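Just follow the structure's listing: the first ligand is 1, and inside any ligand the first atom is 1. Start at 1 with the first residue, then count along the sequence. No experiment lies behind these values; they were computed from the predicted model shown.
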Amino acid sequence: MKNRKILVTGGAGFIGSHVIRRLVNRYSDYHIYNLDALTYAGNPENLIDVENSLNYSFVKGDITDENLINDLFSNYRFDSVIHLAAESHVDRSIKDPLAFVKTNIIGTINLLNAFKNLWNGDFEDKLFYHISTDEVYGTLGDEGLFTEETSYDPNSPYSASKASSDHFVRAYGETYELPYVISNCSNNYGPNQFPEKLIPLFINNIIAMKPLPVYGDGNYTRDWLYVIDHATAIDDIFHKSNLHETYNIGGFNEIKNIDLVKQLCDIMDKKLNRQIGTSQQLITFVKDRPGHDYRYAIDASKIKEDLGWKPSVTFSEGLNKTVDWYLDNKKWLDNVTSGSYRSYYKEHYKL
Ligand code: NAD
Ligand code: TYD
């Protein structure tokens, strides 16, 4: 369909900014509206290269503000929503679950209601695309993969809030015939990720020769996907998926945290001209995260078979590109690691 008016929520964040860049640059006949509250994780600098594009508009606003959301939908009449805005960090959810309930659950319901009320059953060529996480499935043991049929079993306040929002989206599909799709992606990494998540936090600490706080014994496993490959998958799902589908997105790319951290240390030693082994000495085992999920791993065969999507880079290529980006963008890193970031870091890690 031509001339779409797409509301992207959370577009100033990590994944959202890559999604916006892709849509703005690829679809000149679409208009992309980015609604973002600019919390600590939202950064307009992430979109500096597209901010003056004619098919892009930024609106600063909070998805928990029901009146604002209703006004925006009636003024702009969005035919589609790609909903990424969320509180997204597990450690923060352990400290303040209610913030996650407000944004991830109430915020999602506000968007669903505004979309439903605007189109009032006339849903032809309309789409509500909800971006979710594999963490809703809970944890795996040493074997097996999450498929789209795996039961939800969330363990953290973050994943419980995302699971709840997924359920509401599905419930609106069943109850009001709201046209939706949902995707559940594995851990992302890449440029513009806020340095509270494992990879950018450790890149930042390696640059500064600060301790690398590995939780527990480091044997926890995550399945990593380069963020630009996630943005490609979102584009494919948005354009090609049937309604009421769910897709798991992942790179078949599992690695134990401790092995990842060692690989990262060695890449950075080379790039920083440090003797190999220097950064590994910064590894510090710290108290485990409560309720820490042991292993995530995604079976991404459905999206591959149905839509022909596959990741474009290997983990090693993606990690090298990511490190290069952070080394080339020290100013970005310095800007986001000032102020409230410092107090969060100090309080959480006590390092
Ligand atoms: P992020 O924390 O980097 O960005 C979130 C964005 O949402 C920020 O720009 C923030 O300002 C905005 N936001 C937060 N609360 C808001 C509110 N109340 N109103 C409006 N805007 C608000 O997150 P991310 O890593 O880019 O994740 C984006 C989405 O993808 C989330 O829904 C997350 O659950 C999901 N996801 C993330 C990952 C991952 O590894 N990062 C993996 C799978 C799914
Ligand atoms: P994170 O990037 O927070 O993503 P998620 O919890 O959503 O998977 O963490 C990735 C893994 O790294 C997870 O097993 C927790 C671990 N981790 C550490 O060991 N130390 C840290 O300082 C952080 C932030 C994470």
Among [options], whose heavy atom sits nearest [atom]?
atom: atom 35 (C) of ligand 1; options: D65, T108, I131; answer: I131
atom: atom 36 (N) of ligand 1; options: N104, I15, T39; answer: I15
atom: atom 31 (C) of ligand 1; options: T64, V227, L84; answer: L84
atom: atom 9 (O) of ligand 2; options: R289, Q193, K197; answer: R289

Counting heavy atoms only, which part of [X] comes closer than 4.0 Å to ligand 2: side chain, backbone, both or neither?
X: L201; result: side chain
X: N187; result: side chain
X: L198; result: both
X: E196; result: backbone

Report yes if some N/O of [X] lies less than 3.5 Å from some N/O of ligand 1; otherwise report no.
X: H230; result: no
X: S88; result: yes
X: L35; result: no

With a cut-off of under 6.0 Å to the ring centre and 45° to the axis, is R295 in cation-pi contact with Y220?
-> no
Check this for me, if you would: do [X] and [Y] make a salt bridge, where the nitrogen-to-carboxylate-oxygen distance has to be below 4.0 angstrom?
X: D91; Y: R289; answer: yes
X: E87; Y: K102; answer: no
X: E45; Y: K331; answer: no
X: K5; Y: D79; answer: no
X: D235; Y: R22; answer: yes

Of all the heavy atoms in Y349, does at least one lie under 4.0 Å from an atom in ligand 2?
-> yes
Atom 34 (O) of ligand 1 [closest protein heavy-atom partner, distance rounded to 0.1 Å] = Y158 OH, 2.7 Å
Look at atom 19 (O) of ligand 2 and say which protein heavy atom is nearest, naming residue and atom and giving the distance to 0.1 Å.
->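 The answer is Y215 N, 2.8 Å.
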Counting only heavy atoms, which portion of L38 has something under 4.0 Å from ligand 1: side chain, backbone, both, or neither?
-> backbone
Under the 3.5 angstrom rule, does the side chain of N184 hit a backbone N or O of T133 as a donor-acceptor pair?
->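 Yes; judged by distance alone, with no hydrogens or angles, the pair exists.
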Taking the side chain as every heavy atom from C-beta outward, state whether I63 and N110 have any pair of such atoms under 4.5 Å apart.
->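 I63 does not reach N110 side chain to side chain.
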Going by the atom numbers of ligand 1, which of them fall below 4.0 Å from some non-hydrogen atom of S132?
->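 Listed by number with element, the hits are 43 (C), 44 (C).
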